[in-house]
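In what follows, every heavy atom counts, from backbone to side chain, and hydrogens, waters and symmetry copies are set aside.
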Amino acid sequence: MAARGLLFAVLPVLAACSDYEVNLKSPEVAEPIDAECPDATEPWGVEVDPACVVDPPVGSFSPVVEWQWTDNTAYPGYDDIMSTPAVGNLTDDNGDGLIDGNDIPDIVFTSFSGGAYTSAGTLTAISGDGSGTWWSVYDPGGYHVYSSGGVAIGDIDADGLPEVCTAGTEAAVVCVNADGTLKWAGGTELYGYGAPAFADVDGDGLSEVVFGRQLLDTDGTLLWTGTGGAGWWLSFAVDLDGDGRMEVVAGNTVYRGNGTLLWTDPTTDGPAAVGDFDLDGVPELVHTSAGTVVVTNLDGTVRWQATHPGGGNGGAPTVADFDNDGYPEIGVAGAASYAVFDTDGAVLWSMPVSDYSSTVTGSSVFDFEGDGAADVVYADELTLWVYDGATGTVKLQDDGHASGTLFEYPLIVDVDNDGSTEIVLPSNDYTYDGYNGITIIGDATNSWRPSRPVWNQYAYHITNVDDDGGIPAAPEPNWERWNNFRAGGTLYGLSTDLANLAPGTPEVCTARCAEGVVEVIVPVQNTGLADTPDFTVGLYHDTTLITGATIALAAGSAQDVGPFELTEADWSTGVTVRVDDARAVEECDERDNAATLGAWPCEADAR
């Protein structure tokens, strides 16, 4: 196999780091109180500073191939991939007894041998750090998996252990446990190129599996089969109307959670996405349809319909703010070009590609440099492209890639959980000369903005899955906060948003001085625009941690932390409160995270 080169374009530096500063001083200790010590309170609101954003240097884009998986040792020859992988945690890598976002993510995919992409194949799980293969199965429990089916990962039965589901040959969906053994197989409408999606449609805490126009229960029981479109078996579920009940979006058709038809629009079927294109708080649907891009209102009426300049059927739409104008646009691949459509259907830009094999490949987007505009990541028959979202300017051209193409697209995820984003690229070389298997591309300077350790399904949007693989019973509508679809990012806000943590004035209660104990409650606030992951609030003597607690704070909220019990020996010559001493949270200002308490507050004769 002759390898081809990785080419990239570096854009000029357009902005310097922000000069925004937070002018908070370290709080002074309040006068000790000697009344009965109060309990800590639940979170409450604080004012958010709209300037709490990151403004990184633009142009730090230096992609390199980090590693590749090219050989299936369990099933030799089954190393060509023409489907979209999924990324999530299958194993307890850090030994804490949990499978969650603190472990090394894993990549799961289907593959075929030679040119046999229309038959049974293998389902394989490999570690996201490139250290090896966990398992590869061909017919778990006697059910064959389809060689080009999409994959979904998630904890569908809420037992703390993830499952993997894909398209099957004897049953529509085949699901395996985290170790590759059969969990169940179900569904009657087979479509080998389809991709399952996970959603808690009935809100009972357990996930159902959406596949085309069928809904399967947590145990694989077929709940219903719809009578309209199937979205090319790339469907998904969201709560469109905000009534607390999910609908199934299947291309030109929307089903109620019980399977009854809500509406079918007059266009032909195709893969879909959701976005709030006019920013009125109400989402619209977009799907591709026989060479056109169709946006519909929630009642099924067509808002606009535009012909794709590249011809072909058109792949799954991607939704993001490509040009940083505050409104989401729509990216769709055609046979001869990739095009981004504005909110009125006008073509914002179009770039030539080659996808005559299928004309239905998908794409993903990510704001790599944190400049507020989402870049396009797209792979055709011969090349992996990264386009500048606003202009279509080529930022990466990797001619090592090859594919006969179906519905597949690259993923954007922190695949090894090292804090730096990577691109996960599936390839096959049965038709064209180039990569096969999985290629991981990262940034040579580790400067790409953070992303999640999970991309769990074809119809991925940020709120459809938790970082630990859990499927939320009542997910936040993705269009309300991120307003994107098939886009990378984090759970904590837009890629430009930052948190900002600071302790308020601690409350020192001396009611128990007779016991030689005081109690300290520390209010902590987040005045930034982003929610935080877990961080520690600690009380220290010099550099020694005396006691502490782990919390997380939503943007614009505060929480009393404690009470912490301290003895005079703990207090010694002084105590310092430190918030996020381990720097787990990226903040606007790291200088206001400490407060020094005064002298031991109990009177000498208190005992």
| said: Going by side chain to side chain contact (heavy atoms under 4.5 Å, CB included), Trp349 matches just one of Thr393, Thr391, Asp323, Val376. Which one? | reply: Val376

| task | Please confirm whether Tyr409 and Tyr458 have ring centers closer than 6.0 angstrom. | result | yes

| task | Considering non-hydrogen atoms only, spot the tightest contact between Asp155 and Leu161 and give its length. | result | OD1-O, 3.0 Å

| said: Can you confirm whether or not the ring centre of Phe485 sits under 6.0 Å from the ring centre of Trp479? | reply: no

| query | Stepwise, does the salt bridge (Lys or Arg N to Asp or Glu O under 4.0 Å) test hold for Asp414 with Arg449? | reply | CA-CA 10 Å; Asp414 184 359; Arg449 301 298 301 157; over 6 Å; no

| Has Tyr327 got more than 12 heavy atoms of other residues, nucleotides or ligands less than 6.0 Å from its OH? | no

| said: How close do Pro328 and Asp276 get, counting heavy atoms only, and between which atoms? | reply: CG-O, 3.5 Å

| said: List the residues meeting ring-ring contact (aromatic ring centres under 6.0 Å, His included) with Tyr460, not counting sequence neighbours, and say none if there are none. | reply: Trp455

| said: Classify the ring geometry of Tyr387 against Trp385: parallel below 30°, tilted from 30° to 60°, perpendicular beyond 60°. | reply: parallel

| field | Check: Asn89 and Asp100 side chains under 4.5 Å, non-hydrogen atoms | value | no

| query | Given the rule in the salt bridge (Lys or Arg N to Asp or Glu O under 4.0 Å) test, do Arg303 and Asp278 qualify, once you have shown the distances and angles that lead to the verdict? | reply | CA-CA 11 Å; Arg303 175 171 291 201; Asp278 55 8; 3.0 Å; yes

| task | Mind checking ring-ring contact (aromatic ring centres under 6.0 Å, His included) for Phe322 and listing every partner two or more places apart, or none if nothing turns up? | result | none

| field | Distance-minimising heavy-atom pair for Val415 and Ile104 | value | O-CG2, 4.5 Å

| said: Test salt bridge (Lys or Arg N to Asp or Glu O under 4.0 Å) on Lys395 and Asp375; report intermediate values, then the result. | reply: CA-CA 9 Å; Lys395 299 176 67 172; Asp375 298 321; 2.9 Å; yes

| query | Is it the case that Asn593 and Glu587 place a side-chain donor and acceptor less than 3.5 Å from each other? | reply | yes

| Heavy-atom side-chain proximity of Glu208 to Asp202 below 4.5 angstrom | yes

